[in-house]
Amino acid sequence: MSPHAIEIVPTGANNWWKESTIYQVYPASFKDSNGDGWGDIPGVIEKIPYLHSLGVDVVWLSPMYDSPMHDMGYDISDYEKVLPAYGSVADVEKLIEACHQRGMKLLLDLVINHTSDQHKWFQESRSSKDNAKRDWYFWRPARYDQDGNRLPPTNWRGYFAGSTWTWDEHTQEYYLHLYAKEQPDLNWESAAARKAIYDSAVRFWLEKGVDGFRVDTVNKYSKFTEFTDAAITDPKSYVQPAIAKWCNGPRMHEFLREMYDEVLEPYGDVVTIGELANTPDPEHVLKYVGAEAKQLSMVFHLDIGHVGMGGLEDKYIFHPWQLTQIKSIVGKWQSFVEGTDGWTTVFAENHDNGRSVSRYGSDAPEWREISAKMLALMNVALTGTLFIYQGQEIGMINAPRDWPIDEYKDIEGLGYYREAERQTASGVDPTRKERIMDGLRILARDHSRLPMQWDSSLHAGFSTGTPWMRAHDLYPEINVARQENDAASVLSFWKQVLALRKEHRHLFIHGAFEVVDFENQQTFCFVKSREEKKALVALNFTPESQPFTQATVAGEMKLLVSNSPGSSLDTLQPFEGRIYVS
Ligand code: TEU
């Protein structure tokens, strides 16, 4: 049995995935085995022993399917084929075996709200209005204004800026895409389309032995198909934020239950982690993740990633945040499962967000390691399934602030930047271009997509070729090789605290959460409790010493771990984190 074997604590349903530590691999940037500048599956296989030594139980592999890569693989042209730069289906089967032989598991990314416009389904659908697959996507006629100018069917603004509709000259209709025009939305109202999705995207890989899926944009498959205009909230623009028009639509739970009953359940305890947007009501979330709902195992609540962001139309305008915002978000999604048959997730980073040290700690040279350890303590002490993103375990940070926009590759951030360039150039919003650039330096998805930093050799040991994206300038200082044998490193600290999380799983994975001293804007203290056991977690989110307001309580408990050993009981050092137990 693997040393990381997941012994289930009897709390509610015994599911293997509740106590797992899941590590997200972004294949393009993880490890390039053949020197073409792109990460690949053989490179992931090569690093499975490293992940196993870290204490990882499950690997979540972001999309590796064939794709034109407009959205880095979230635009899939063939669910049953692997992007040639990443390898082959046989390579994925070898990866599954490499995980399973170590008692680990492998999850894939399930992207079934949309396909690539190069998928054969869309190519058929767009070929003619009477094609059998025409209704596998959303096609609608144009509207016209009083001057006869053609307009899209609705005024909806997409996630990547611009309209959610693109005109098709050949069949003289618009098609819907919430994301890029190269990502047409599948019409889940079509039973034939759903069956094809289930067979090609889900069953094909379950038959290969995958253990579950992270489910992309999980609550957007059922649209409000009346396709009415969104309210005008941005008078400077024709297109308007319209997220409520496509999130949690009328058949959403029906579709997910159908997929569970017909596709997933026959394969046993297949785990599904939904990416759930725009669903602030915990009661509604329980309708997705309650065991009795038989839809999803758990979901990512994206709120933590939104700290510091503007609204949908201003996602990349940075807003200074207060620690109480983080306390509220963490507390909400820690507590909503208590006393229910639901489950929750813990994460601080993923491929869609800036690095947590840069966003919530400090990436200043003197603070980046200590704040990385402080954030590690927060993550390992929280209830739910824990997710770590590649590089988080060594304290990777955002790209240097002086990198120009040319170093940013992500379609979403570049969409916002180009739109801001136009608005600034036209005088509509003279400062928007600079404000968006400032926001991208903190919030851009690119920051999590720089090559993984393995060692101090050229390109951080990621590739012997020229990486598709520039490696961080600090890779000689921040890399796995430099940290693996350093007991004081961020990597060593993560290994230590992941083991403590398993040792004290009753409290850390299953315990009830309660924040204390909520109004304190410098320190975040919370209690985890289960039966007679209790843990007190104290986190200083500032680069200054702060009074430890819970010192009296802590004095009655045993210090389990600190990132600043030897500090005095009543004062938290800069970015100090401590966990006490009793
Ligand atoms: O992201 C979805 C996504 O980020 C938005 O729908 C999110 O809800 C919004 O930005 C508010 O935070 C997934 C993938 O993670 C992302 O990489 C893809 O670009 C996107 O879907 C399209 O597949």
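These numbers come from the heavy atoms of this one structure, side chains and all, not from hydrogens, waters or symmetry mates. Numbering of ligands and ligand atoms starts at 1, following listing order.
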**OP:** Would you check whether Arg214 has a nitrogen or oxygen atom less than 3.5 angstrom from a nitrogen or oxygen atom of ligand 1?
**Re:** yes
Subject >> Sole residue of Arg449, Arg418, Lys315 in salt bridge (charged side-chain N to carboxylate O under 4.0 Å, His left out) with Glu412 >> reply: Lys315
Subject >> Any Tyr408 side-chain heavy atom under 4.5 Å of Arg445 side chain >> reply: no
**OP:** List every atom of ligand 1 that sits less than 4.0 Å from any heavy atom of His351, numbering the atoms from 1 in the order shown and giving each element.
**Re:** 14 (C), 15 (O), 16 (C), 17 (O)
Original post:
What are the atoms of ligand 1, with element, lying closer than 4.0 Å to any heavy atom of Asp71?
Top reply: 18 (C), 19 (O), 20 (C), 22 (C), 23 (O)
Original post:
What about the rings of His119 and Tyr79, do their centers lie closer together than 6.0 Å?
Top reply: yes
Subject >> Residue part near ligand 1, for Arg445, under 4.0 Å between non-hydrogen atoms >> reply: side chain
Original post:
Which of the atoms in ligand 1, numbered in the order shown and given with their element, are less than 4.0 Å from a heavy-atom of Ala277?
Top reply: 8 (O)
Original post:
Can you list the atoms of ligand 1 that are under 4.0 Å from a heavy atom of Glu275?
Top reply: 1 (O), 2 (C), 3 (C), 4 (O), 13 (C), 15 (O)
**OP:** For His114 and Asp75, indicate whether the former's side chain and the latter's backbone hold a donor-acceptor pair under 3.5 Å.
**Re:** no
**OP:** Mark up the atoms of ligand 1 that fall under 4.0 Å of a heavy atom belonging to Lys220, in ascending order.
**Re:** 5 (C), 6 (O), 8 (O)
Subject >> Nearest option to atom 13 (C) of ligand 1, as decided by whichever heavy atom of Asn353, Asp216, Leu302, Ile243 sits closest >> reply: Asp216
Original post:
Can we say Asp438 and Lys433 salt-bridge, meaning some charged N sits less than 4.0 Å from an Asp/Glu carboxylate O?
Top reply: no
Subject >> Pair Tyr74 and His70, ring centroids less than 6.0 Å apart >> reply: no
Original post:
Quick one: which ligand 1 atoms are inside 4.0 Å of a heavy atom on Phe160?
Top reply: 19 (O)
Original post:
Got a sec: does the NZ of Lys332 have more than 12 other heavy atoms crowding it under 6.0 Å?
Top reply: yes
**OP:** Within a distance under 4.0 Å of any heavy atom of His114, pick out the atoms of ligand 1 and give their elements.
**Re:** 22 (C), 23 (O)
